[in-house]
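In what follows, a single structure is set out as C-alpha cells and then discussed.
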Amino acid sequence: MSSLRGNKGPRYRHVADESAPYETLQIDKLTPIIGAEVGGIDLSKPLGNRQIDELHRALAENCVIFFRDQHITQDQHLAFGRLFGDLHIHPAAPAEPGKPELMIIRADKDSPRANGEGWHTDVSCDVEPPMGSILYIKQCPPKGGDTLFANMYAAYEALSDRMKAYLDGLTAIHDGEDAYRGTYANLGVKDKPVYPRAEHPVIRTHPVTNRKALYVNRGFTKRLAGVPRDESDGILRYLFEHMENPLFQCRFRWRENSIAFWDNRCVQHRAMWDYWPHTRSGNRVTVAGDKPY
Ligand code: SIN
C-alpha cells in the first residue's frame, strides 16, 4: 500500500469543512475525512423540511452518516428512503415478503457468506447505480460486525496528476454476474438468466457536490475499456489497492437499532464477517440513482 507521503508532508491533504453550523442536527464526525454521527433526530417522527435539507447537507459533507437508537418500522424505513428519491430493487438479494425494496441483510451460524464482505459500491453494475443505501441493523453480535467506509473523493484527490490525466475519459465495465450468480441459492433465491452489466467512467462527477470521485471497485469492476487486458489488470490492481488506504476510511461499530446511510456515488464499503457463529441482521433500503458521468 502506498504511504501517500510526498516530499513535504502528506500527499493527500484534506480540507476541513468550515461551513455554517447546523440548526436542527448535531453532527459528530468520526474522522476529518469521512463519516459523522447525526444526533438530535428521531426517524420514527415526521421530519420537517429544515431537517430534511440538513440531512442532505450532512450526507454531502460526510459521505456516510450514522444514527443511533432509532426505532422505526419497515414502512418508516421505506418512507425515510423515499425522502431521498425513488427506491431501488436489488437484482439478486432476497427482500422482506411483499416489500421488494426492503432487502434482507443477515448472517448467522448457518450462513455460507455474509453480504458485502469485500470492498464494493452497491450494484455499480446497474446502468443507473443506486445513489445511496440505508442500512438498519436490529440484531448485533456481541462483538464485531463493523462496516468500513472509504471516501472516493479523497482516493481520487490523492492520485498523482499523471495518474489523474491517464484516467481522465477512461471507462470501465462493471458486471454483476460473478457477484450474484448462485450467491443467494442457500436462501432459496433462483438465479436470473442474466445480471446487470454497465460501462461507467472511471472518474465520476458527483451530481450534488460537483466533486470528482474514483468509481471502480473490486466487487464489480472487471476491466478498463479500450486498453489491453494486462494494462487494465495492472491499473485496476493499483487503484483497488490505493482506495483501500486506511487514510480514506472510517469504521462504524454497530449497536442494535443503529442506521448507516452512505452515498454510493462517493463511498465504497466493506462489511466484516468476524462474528460467526453469532447473528447480525437488519434491512437495507436502497435509493435509486442516475447514470454516472
Ligand atoms: C452491504 O450492504 O453491502 C452490507 C453492509 C453491511 O452489512 O454492513
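In this chain, residues are counted from 1 in sequence order. Start at 1 and go down the list; that is how both ligands and their atoms are numbered.
Using cut-offs of 30° and 60° for the angle between ring planes, the F84 and H56 rings count as tilted. The aromatic rings of W262 and F149 are tilted relative to each other, their planes meeting at an angle between 30° and 60°. Between H200 and H174, the ring planes are perpendicular. Angles over 60° get that label, and only those under 30° would be called parallel.
Under a 4.0 Å criterion applied to the non-hydrogen atoms of I105, ligand 1 contributes the atoms 7 (O). Interface atoms of ligand 1 facing R284, defined by a heavy-atom separation under 4.0 Å, are 1 (C), 2 (O), 3 (O). Interface atoms of ligand 1 facing H120, defined by a heavy-atom separation under 4.0 Å, are 3 (O). Within ligand 1, counting atoms from 1 as listed, the ones closer than 4.0 Å to a heavy atom of T147 are 6 (C), 8 (O). Within ligand 1, the atoms closer than 4.0 Å to a non-hydrogen atom of G116 are 3 (O), numbered from 1 in the order shown. Applying the 4.0 Å criterion to heavy atoms of W262 picks out, from ligand 1, the atoms 2 (O). The distance from ligand 1 to the heavy atoms of A271 drops below 4.0 Å at these ligand atoms: 5 (C), 6 (C), 7 (O), 8 (O).
To the nearest 0.5 Å, atoms NZ (K164) and OH (Y156) are separated by 5.0 Å. Here K45 contributes atom NZ and Q76 contributes atom CD; the two are 10.0 Å apart, rounded to the nearest 0.5 Å.
Among the atoms of N115, none of the N or O lies under 3.5 angstrom from an N or O of ligand 1.
Shortest contact from atom 7 (O) of ligand 1 to any protein heavy atom: R280 NH1, 2.8 Å.
Taking the side chain as every heavy atom from C-beta outward, T286 and S133 approach each other to under 4.5 Å. Contact annotation: the side chain of D108 never approaches that of S281 to less than 4.5 Å [non-hydrogen atoms, C-beta and beyond]. Here the side chains of M163 and H242 are not in contact, with every heavy-atom distance at 4.5 Å or above.
For atom 3 (O) of ligand 1, the nearest non-hydrogen atom from the set M103, M272, H269 belongs to H269. When the options L148, L135, T121, D122 are ranked by their closest heavy atom to atom 6 (C) of ligand 1, first place goes to L135.
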